[in-house]
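Just so it is clear, the structure is predicted and the values come from calculations on it, not from any experiment. Below, chain A is the first sequence line, B the second, and so on; all start at residue 1.
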Amino acid sequence: MSDPVILFFILGLIAGLSRSDLKIPGVLYESLSIFLLLAIGLKGGAALAQNNPSALLVPILVVTFTAMLVPVLAFLIAHYVGGYERADAGSLAAHYGSVSVVTFAVGSSYLTRLSVPFEGFMSVFLVILEIPGLLIGVALARWSAGDTRWGVLMHEILAGKSIVLLVGGLMIGYVSGEQGLASISPVFFTLFKGLLAIFLLEMGLVTAGRVADLKKSGIFLISFGVIMPLISAAIGIVTASLLGLSVGGATLLATLFASASYIAAPAAIRMAVPEANPSLSIGASLGITFPFNITVGIPLYYAASQWLLGASL
Amino acid sequence: MSDPVILFFILGLIAGLSRSDLKIPGVLYESLSIFLLLAIGLKGGAALAQNNPSALLVPILVVTFTAMLVPVLAFLIAHYVGGYERADAGSLAAHYGSVSVVTFAVGSSYLTRLSVPFEGFMSVFLVILEIPGLLIGVALARWSAGDTRWGVLMHEILAGKSIVLLVGGLMIGYVSGEQGLASISPVFFTLFKGLLAIFLLEMGLVTAGRVADLKKSGIFLISFGVIMPLISAAIGIVTASLLGLSVGGATLLATLFASASYIAAPAAIRMAVPEANPSLSIGASLGITFPFNITVGIPLYYAASQWLLGASL
Amino acid sequence: MSDPVILFFILGLIAGLSRSDLKIPGVLYESLSIFLLLAIGLKGGAALAQNNPSALLVPILVVTFTAMLVPVLAFLIAHYVGGYERADAGSLAAHYGSVSVVTFAVGSSYLTRLSVPFEGFMSVFLVILEIPGLLIGVALARWSAGDTRWGVLMHEILAGKSIVLLVGGLMIGYVSGEQGLASISPVFFTLFKGLLAIFLLEMGLVTAGRVADLKKSGIFLISFGVIMPLISAAIGIVTASLLGLSVGGATLLATLFASASYIAAPAAIRMAVPEANPSLSIGASLGITFPFNITVGIPLYYAASQWLLGASL
Amino acid sequence: MTSRLSVRKLITVICESCLEEAITSAAKEIGASGYTVSDARGSGAHGLRDGSWPENANIRIEILCDEAIATRILDLLLETYYSHYTMVTFVTDVGVLRPEKFQHRASQSQG
Amino acid sequence: MTSRLSVRKLITVICESCLEEAITSAAKEIGASGYTVSDARGSGAHGLRDGSWPENANIRIEILCDEAIATRILDLLLETYYSHYTMVTFVTDVGVLRPEKFQHRASQSQG
Amino acid sequence: MTSRLSVRKLITVICESCLEEAITSAAKEIGASGYTVSDARGSGAHGLRDGSWPENANIRIEILCDEAIATRILDLLLETYYSHYTMVTFVTDVGVLRPEKFQHRASQSQG
Ligand SMILES: Nc1ncnc2c1ncn2[C@@H]1O[C@H](COP(=O)(O)O)[C@@H](O)[C@H]1O
Ligand SMILES: Nc1ncnc2c1ncn2[C@@H]1O[C@H](COP(=O)(O)O)[C@@H](O)[C@H]1O
Ligand SMILES: Nc1ncnc2c1ncn2[C@@H]1O[C@H](COP(=O)(O)O)[C@@H](O)[C@H]1O
Ligand code: NA
Ligand code: NA
Ligand code: NA
């Protein structure tokens, strides 16, 4: 709880709720997200360079496959339990099927703080998991409508800012190795947590702005925003134990599964499923799931990983 | 004089006066001020964590009380000597009764450079002193007009960006302690002086833009901008000696008293006393008092503190 | 090739060509260029402080003189070989006669990476060389038109952002010395290469946007963008050997001569020679010469300097 | 083309940026269904406002509404703000698509 | 003065920023010779859009064109975007300098 | 409502951002009492100007003035800038509040 990074989020939340005139300029927000994406990519790439990337093939296939369960479950719950129409249920599925880069960053900051080691290639999963859940969500929303321009959509996602920066960072990190990155590491590594703190201040402000939406959205959506990440995290931890990941790796995989996208998914859904109500899915992912994950979820996933993987030793 | 931070201010001043097209983007300015406020708050909070905060109660009361003399004196001088109407005199009082965060930062940079120690809790005074002077200025301007919406005004000030960031930083710093801040200190502490330098470059440009206003404003306002801080600094040093602060602490308290607000005060006055002419008070605080304080004032207050507190030993 | 800084440029190029929605906010671009200009100036100034500046008088005169050959040659080639009118040929001459700060930064990053030492005062040449080529280009364009407001133009250039920041940084660095800069060096020196990397990412995006222009501009302009820097670099290396510079110094001087301006020159030309087509000269300098220099040119100039100066030992 | 367009008033207010909150919320209270704001800089009777500095920036507020609401907004501006603030206002007749979008609040406030 | 000015339509669309690419390229396809976009924030039937966050920002698109093109652009907006997106559109008659600048593409698309 | 509004011309110039200083100061010299500028991007006869880069950005200048001044500003634009710069201009009739704000300089320059 006393990770200062989280305290910045809470400060932003309080400032927003008390209607402070504090505003993080939009450009600073964009600049910081460019920074975070590049930094995570670079770090992952440098870690990959120390491994044999081909050894990742099987884990990637397994993770991709189990991760697909998340949007399907999310759709079923939202459609049949929550009573949402296909469009909205599909939109929720896409958001929860994709991942949140900042939640991942907070998770790795949490582990670093506790000195819990984790596999360096986790950020490869981050990249891989961003896309399939999104596509499944769109497919479920569009089922039988049959007028989706998949080509345009794929381009929108693959050439989207987050994929370009993450993959670009990964490749530069992989080609350069930790040595080669030495000259740029004061910016991308040393400053990482401090800039993440400023980013989370902004996230707090944005989340505060979502609280009004939440009041309208009712009890189902709020429960969904808490229960869905718990289900996904459970799938993530089981997957991690299948793959023999460390406790730290399992925590991060659970965090990834549990996290819901609020950057890539909203943009893609707005284009592919315009009849979905965006305040529903962003409200849930940003207003509930994001704060839940970074405050309560991550420590919980860590405890669960310790318990399960400790037991399996 | 050769603190590079001041040289950046002078560079900005020269660039502005020679009508260079150099412009610091507004967003960079805003981002840097968010940074400075958070950093000062964090540093103060970490220092507080090493003290017993309850021991600060008496000093805070004493400082708040003597600080109230500043806006009252400023109002009397501006109204009766300068001949300004209530609105403008009250506006000047509010600006000089409040404080300037950047002047404080330059002051602590000055002391650090000379390796003069000072009490870590000085930034608590910074927070405390931002508000009462402002309120007194508004009250003096509105006297007998009786139509001020004090509730709105208090919210405007208390939920204003600078208070939120300073107090938020203080609390995060206090909760986390110096240890807890280690991971974010490369951003908030190591980069402090360099980013302050860029901020001062912008301040130089802005000050240059005020020179035209000054020409119109005449000899009284210019003298006011130099004499008022000297009077306030004297009150500050006497207060510091009453409280038994160190020479460094006395210098910083004098700097705080002498500094005039140009961020919080203009915004609040614009809302509460719209008939006041903003170019008067910003012209004086930013065009005269700010450059005076950072170049001549601070070394002077240091010399005076040495002399007075050295004598009282 | 595996300098990560160049890889960021290539990432930007690929993102731009594949029509990614990645965008570097304009304000971030402006902030980074302010940073780079100041940092280069400060570094040069600190280096100058360790030398005797008067010893630079003769080298400066020699370099200024030989550098004037560049715009004249560029004009003759563009006008007589390329068949461009005076305005466009003069505009090209101004762009190639002036210099590119970022190309210089990449050059010094290249040498640092290889641990090749170079004279600290090279950035003085950077400042000196920015202006005369520009003026010659304008003069050649305006020849016999005789309606140029030279006073306005000189002010536009001398008070322009890049000169102000470079010269300002130089002077602050010179006055403060390396010791005096210690407190701000974490920002201006430690972060240099990382921020240069982000800047080059943006340069890649911008260059990608120029490729469409290039298609229209035909074979002459493309050849000009490659051959002109080779000619200029040759002049630079010969000058360096006359002056007895080190291999590193010769490489940087060649890089300066070979580089073409795309910040100061376009702005000045737009004011002084509005009838010139800006997409011609920016297309050539940014679309061809800049990428050529940072990928192929600089290693080439280094090899040539080694060969020539090694031979002359 | 004109068949689908209904005539409404477009009020454009250019003023110092610190009035953003005050004017837009007043317009909504009066009954405007919405507003649009963008950042601007400029010069006028109060001198240069170049936006280099937040305190020094202008905004440009646009409000589409019917004539009754427009009159009340103009009244408010004249009474409350014109004497002390940097401000310029102009009104144009425009044809809007989907006029019903601009009615619900207006009719509330008139009913 | 009026001698040099020709009457054209100015369409102003205020909408969520993710439509920038889609609407501007559609306008060019239909035959508009150009467009201008600026960033905006605002409030309307879909609530507050304060631009603090990219997903939450508006843009303001202006298209100068003749009546025929204007009709087709309004048709497109109504058919394709109005039902699902945050959007407001208004049309004004304006006098333009150098009307030939706005014709070449228009005549292509009509020819 | 109309009683308080006087008709004036609103000139809107969309052009490359480097002309900001030149055009606004010329407008003031001619006698305009002020102007408003905001940042923009766009596309037209000179191709895409997406503002990703300062050299590549547009601005949108608005000048409220009477007909005589408007004529002189349009003349200036046509003579001095139209041939070499990226530029689009349109003029609208608008009703302004407080018309006297737009007169003092105009009458100076005419007197
Ligand atoms: N009455 C209005 N006047 C001016 N702008 C409006 C108005 N209504 C809506 N807008 C703008 O159009 C955007 C979308 O409107 P809406 O679809 O009604 O939410 C808003 O965010 C505002 O920027
Ligand atoms: N004649 C004008 N044309 C266009 N905008 C104006 C005009 N006069 C003033 N403005 C704008 O309105 C703001 C406030 O005007 P003022 O109260 O005259 O200083 C200025 O900063 C300009 O942005
Ligand atoms: N038809 C148009 N409608 C709206 N804006 C335009 C139009 N044509 C050009 N513009 C704007 O004016 C700028 C310059 O136009 P041009 O000189 O035609 O390239 C463009 O970058 C656009 O921002
Ligand atoms: Na997920
Ligand atoms: Na004070
Ligand atoms: Na050159």
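- The heavy-atom pair separating A:Ile172 from C:Pro4 by the smallest distance is CG2-CB, 4.2 Å.
- Under a cut-off of 6.0 angstrom, the local environment of CD in C:Glu178 is sparse, with at most 12 non-hydrogen atoms contributed by other residues, nucleotides or ligands.
- A pairwise comparison of heavy atoms in C:Ser20 and A:Ala159 identifies OG-O, 2.6 Å as the closest pair.
- No side-chain heavy atom of A:Leu37 sits less than 4.5 Å from a side-chain heavy atom of C:Leu22.
- Taking 4.5 Å as the limit, every side-chain heavy atom of C:Thr190 sits out of range of all side-chain heavy atoms of A:Thr190.
- Closest approach of C:Arg19 and A:His155 over heavy atoms only: O-CE1, 3.4 Å.
- C:Ile10 contributes atom CD1, which lies 10.5 Å from atom CE of A:Met171 (distance to the nearest 0.5 angstrom).
- The contact list for residues 193-208 of chain C toward chain A, using heavy atoms and a distance under 4.5 Å, reads C:Lys193, C:Gly194, C:Leu195, C:Ala197, C:Ile198, C:Leu201 by residue number.
- Contacts with chain A were tallied for C:Ser31, C:Ala15, C:Pro25; C:Pro25 has the most, counting heavy-atom pairs under 4.5 Å.
- Within the model, atoms CZ of C:Phe8 and CD1 of A:Ile184 stand 4.0 Å from one another, a figure rounded to the nearest 0.5 Å.
- Within the 4.5 angstrom heavy-atom criterion, no atom of A:Leu28 approaches chain C.
- Listed here is the closest heavy atom pair of C:Lys23 and A:Ile34: O-CD1, 3.7 Å.
- Looking at A:Leu158, there are no atoms closer than 4.5 Å to chain C (heavy atoms on both sides), in backbone or side chain.
- Proximity to chain C (any heavy atom under 4.5 Å) is shown, for A:Ile163, by neither the backbone nor the side chain.
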